[in-house]
Each structure stands twice: as C-alpha cells, then as structure tokens.
Number of protein chains: 2
Amino acid sequence: MARKPAEQTVHPDAILHAAATVFCRQGYHGATMADIAAEVNLTAGSLYHHFPSKQELLLAVLDAGLGQMISAVQAVVEGDAVPPEKLRQIVQLHVQSEIDNVNIAAAVIFESRALLEMPGVRDQYVRQRDALEALYRRVIEDGIACGDFRALDVGIFVKTMFGALNWVSVWYRPAGRMSGAEIAEEIARTFLASLRPGAGMP
Amino acid sequence: MARKPAEQTVHPDAILHAAATVFCRQGYHGATMADIAAEVNLTAGSLYHHFPSKQELLLAVLDAGLGQMISAVQAVVEGDAVPPEKLRQIVQLHVQSEIDNVNIAAAVIFESRALLEMPGVRDQYVRQRDALEALYRRVIEDGIACGDFRALDVGIFVKTMFGALNWVSVWYRPAGRMSGAEIAEEIARTFLASLRPGAGMP
DNA sequence: TAATTAATCAAACCTTCATTTAATTATATG
DNA sequence: CATATAATTAAATGAAGGTTTGATTAATTA
C-alpha cells in the first residue's frame, strides 16, 4: 500500500496567505475563488481539496489573524514593561499586523458583516474580538491603577483606540510617506499624550 | 396633453432611505435590488425608473450622507469659536449624525471600498471625503498656529480621529449605558487631552 | 514495475442576481 | 371621457462565480 502525499502540494498555509491577500485587497465578496487560486498557481476547483468552501476559507483566515494577534498582544500584556510602554508596543503590533496582511480581520469585517451574522460563525469571531479588547482594557486599567494614566472611561477609550487602529487598514498605502512603524509611533503618541495624568481637565 | 406624475409614486427619498438600510444591513454586494425594492413594496425592476443602476444608488446614498455631514461641519469650522471648542462641536456633530442616521453613516463607512472600485464614480466620492477631512485638518492647524494645540502630524491625527469616530457606528447601541452626546463628549475629551501643548513629550 | 492515493485540472452545473423588455395600471389634464 | 405619460410589474436575458464531477498526473511504497 502506498500513502504519503505527493510533493507537488501547495501547503495549506500558502493558500491561507493567498486568501488573506486577496480578501484584503478585494474584500470577501469581491474575491473569487479563481483569484485566490491564481495567487498560488492553482485553479478554483483545486482549492476544494484543501478547504470545503469560500466561507470556511474566510473563517480560517480570520481565525489565524486574530489568533496570532491575540497571542502577540498577550505576550506584551503579560510582560513586565510599564503600562505606557506596553501600550506603545501593542499599538505597534496592531498596526504592523494590519500592514502585513496577517490581520485581515479589520479589513474584512468591513465587507463581511452579512457573513458574520451567521450565528455559529459570529460567536467565535466576537469571542476573539472581545478577548483582544479585554487585553487592551487591562493595560489601561493597570496604568490608571498605578498612576501612570489619568482616570477615564476605559470602555470608550478602548473602543476609540480600536477604531483609530482598525481604520489604518482603510487608508494605509505602502507607497505613502510614512512606514507602518512611524504611523504606529505617531498614533501611540496621540493616545499616550491623552492618557497623561492631568491632561483631562482644561 | 397630460403630464403630471401619478401619485402612487414612491418618493426617491424613500428609496434612498431603503437602500441605505439594506446596504447597511447586508453590505453593497450582499444587498440585492430585490431586497431594496421590497423595503418600499416595489419590485426590483421598478427601481430602474428612479435610479439607473445599483451603483448609482450607492453613490446617491454616500453622497447624501457625506454632503449633509460636510455642510454641518463647515458651519462649525467657519464659525468664530476657538479651535478646541470647534473640535468639540464637530466631534458632537459626527457622532450625532452617525447615531441619527445610522444606516447612511454605516453605508458610507463600510461600503466606501466597494465604491472606490468603480472608476467613473470614484472621483466624486474621494473629493467629498477629502473635503471633510480638510475641514478637520483646518481646525487642527488653526489650533496649532494659535498655540492652543501642540505641534503634531496633522494628517495622521485627523485619520486617527476619523477612525475613532467612524467606529462608533459599529459598536453604538441605543440601549447602551451612555447617550450619543456623552460618548461624543468622552471622545472629544480624549483628543483634546492629546492636543494639549506639552502633552507630546514624556 | 505495479498499485495506491494525493493533488490537480478542465469542463460542466447551477444558482443568484443586475438589468432589459414588453406589457399593464393609474392619474392628471384637456 | 380620452389620452398621454408616469409608475409599475412579470418575465426574459445574460453574465458571473461558487461548487461538483470525472478524468489525469505525479509521487510514494511495496
């Protein structure tokens, strides 16, 4: 009996990466299976040997992107830097992952809300998104507790940050005047300035 | 000769509103002409008496949303309040208009990407979007010039604000613990704190 | 080499729309 | 009332694209 896989294989990871690229570039509905397949020199039909449907492909991409993001942020949050430094680092992570195509979550959510309405699917996504939000929240709360940050409404502040950071994927262009790291640095500066003790009152 | 329109007419505004609702709920690609028509008790084909295509319908929705927003913001910017007060007011306007007209606002935000892929149409949208951004930019620049705000990268700051403000329509729920005005006030506070002279350096 | 199986492809399939077309209905004007 | 016109519809058209299907190719192992 013979069994091992042929080595002409395109690795599932390569397909995931291709799908992320195309979803990010064209949105979920705008991306065709043929587009994704072309990115790895396959035909549309061949993709079905690796993923059962376009929808599953999107889920896998979202899952991978958010999952990686969460663990990266988690590492920072559980580290022993001081809160302002942690905040700076996770802003860098967030922006960088958007730019690298890894976190297409933010980009894709702009076009896939209908898809995410599907109950079984939405839950996992929301759970992950909330987990990420909770990590951000913790950094802010720690900073307030130790006096590094002024007291403020943490819920609103975190959502404000999320909006600002997710929006980067809408306007960022590789050919722009600033690198991702520079953009992240500037955004981090904005929020750190805002968090300064005493900055809240006129 | 007879001429006047029959009064069984569905007003174009009603169609616009319906389109905004459906675009918001299902996204541009996910919205069918039949869905939109059903919202005003018509059939898909009937819509073509009022709008030449689905694409034009989206454009009209975006145009209405952005246009209203621009004129409101313009009034504030051209007023004679001091820059921090102007900023506070346009944040209020932005958030309030999202909340008052969630559907159009969300359509503007989420479907802008679909629109940007339509060559003939792209230009007008980009022009309006840039006009709105320019108004924000002007307030910041004025504030820096007169010493009310610290010096910073105005382009990034404005995009950061836009992201934060647009994101409100993603998470805002009427039943939430805060009113739109309270949310806007908190967000304005965040950015005003960030703009304080001297807040930038550690 | 022969058997087995993974990976792939080309073509067909089928559904879902946007849009068109050719009537049909309703209304205002004369 | 007569009729031109607006508004609408039901049905047809045609393209796009996700998914299936039935070979074909290549690699692995015995």
Side-chain angles (χ1 to χ4, degrees), chain A residues 1-23 25-62 108 111-112 114-118 121, chain B residues 1-23 25-62 107 111 114-115 117-121:
Chain A
M1 312 154 201
R3 277 226 314 161
K4 268 209 170 170
E7 270 318 339
Q8 77 192 102
T9 311
V10 170
H11 275 69
D13 282 356
I15 296 178
L16 265 200
H17 188 267
T21 302
V22 177
F23 283 148
R25 185 169 66 220
Q26 300 165 221
Y28 177 74
H29 291 287
T32 71
M33 292 299 266
D35 291 335
I36 296 167
E39 204 81 11
V40 284
N41 296 313
L42 289 183
T43 60
S46 304
L47 293 181
Y48 289 81
H49 255 271
H50 304 277
F51 292 90
S53 70
K54 186 183 175 186
Q55 185 171 308
E56 286 294 327
L57 205 40
L58 173 63
L59 279 183
V61 168
L62 287 178
V108 164
E111 294 211 15
S112 63
L115 192 78
L116 293 172
E117 293 304 332
M118 312 185 60
V121 158
Chain B
M1 314 156 200
R3 278 225 316 160
K4 270 210 170 170
E7 271 319 339
Q8 81 192 100
T9 310
V10 170
H11 277 68
D13 281 356
I15 296 178
L16 265 201
H17 188 268
T21 301
V22 177
F23 283 148
R25 187 170 63 219
Q26 300 165 225
Y28 176 75
H29 292 287
T32 72
M33 292 299 266
D35 292 334
I36 297 168
E39 203 82 10
V40 285
N41 296 312
L42 290 182
T43 61
S46 306
L47 295 181
Y48 288 82
H49 255 270
H50 306 275
F51 293 90
S53 70
K54 184 183 175 185
Q55 185 170 304
E56 286 294 326
L57 207 40
L58 172 62
L59 180 61
V61 168
L62 294 179
E111 304 311 325
L115 195 76
E117 280 156 18
M118 306 168 184
V121 145

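Note that the structure is predicted; figures quoted are calculated from it, not measured. Residue numbering restarts at 1 for every chain, and letters A, B, ... go by the order of the sequence lines.
- Put simply, CD1 on A:Ile36 is 10 Å from P on D:dT19, counting in whole angstrom units.
- In this structure, B:Asp35 atom CG and C:dA18 atom P are separated by 8 Å, rounded to whole Å.
- The distance between atom CZ of B:Phe51 and atom P of C:dT19, rounded to the nearest whole Å, is 13 Å.
- Of the candidates C:dT19, D:dT19, C:dT8, the closest approach to any side-chain atom of B:Ala44 belongs to C:dT19.
- Here D:dT9 is the nucleotide among D:dT9, C:dT19, C:dT8 with the atom lying nearest to any side-chain atom of B:Leu42.
- Between B:Ile15 atom CD1 and D:dA7 atom P the separation is 10 Å, expressed in whole Å.
- Nucleotide D:dT21 forms a pair with C:dA10, judged by Watson-Crick or G-U wobble geometry with both contacts under 3.5 Å.
- In this structure, the side chains of A:Met33 and A:Tyr48 come closer than 4.5 Å at one or more pairs of heavy atoms.
- Rounded to whole Å, atom P of C:dC17 lies 10 Å from atom CD of B:Gln26.
- In this structure, B:Lys54 fails the cation-pi test against B:Phe23, since its NZ or CZ atom is not both closer than 6.0 Å to the six-membered ring centre and inside 45 degrees of the ring normal.
- Side-chain nitrogen and oxygen atoms of B:Thr43 include at least one within less than 4.0 Å of the OP1 or OP2 phosphate oxygen of D:dT9.
- Between B:Val61 and B:Ala19, the shortest heavy-atom contact is CG2-CB, 4.0 Å.
- Separating the NE2 atom in A:His49 from the CG atom in A:Leu42 is a distance of 11.0 Å, to the nearest 0.5 Å.
- Few gaps surround NE2 on B:His29; more than 12 heavy atoms of other groups in view lie less than 6.0 Å from it.
- Regarding A:Leu47, its CG atom lies at a distance of 15 Å from the C1' atom of C:dA10, rounded to whole Å.
- As judged by a 4.0 angstrom heavy-atom cut-off over every strand, A:Asn41 is placed among residues touching the sugar-phosphate backbone only.
- Rounded to whole Å, the distance from CG on B:Leu58 to C1' on C:dT19 is 17 Å.
- The phosphate of C:dT8 has OP1 or OP2 within less than 4.0 Å of a side-chain N or O from A:His50.
- Using a 4.0 Å heavy-atom distance criterion, B:Ala37 is classed as making no nucleic acid contact.
- Separating the OH atom of B:Tyr48 from the P atom of C:dA22 is a distance of 17 Å, rounded to the nearest angstrom.
- Note on A:Thr32: only backbone sugar-phosphate atoms sit closer than 4.0 angstrom, heavy atoms only; bases stay farther off.
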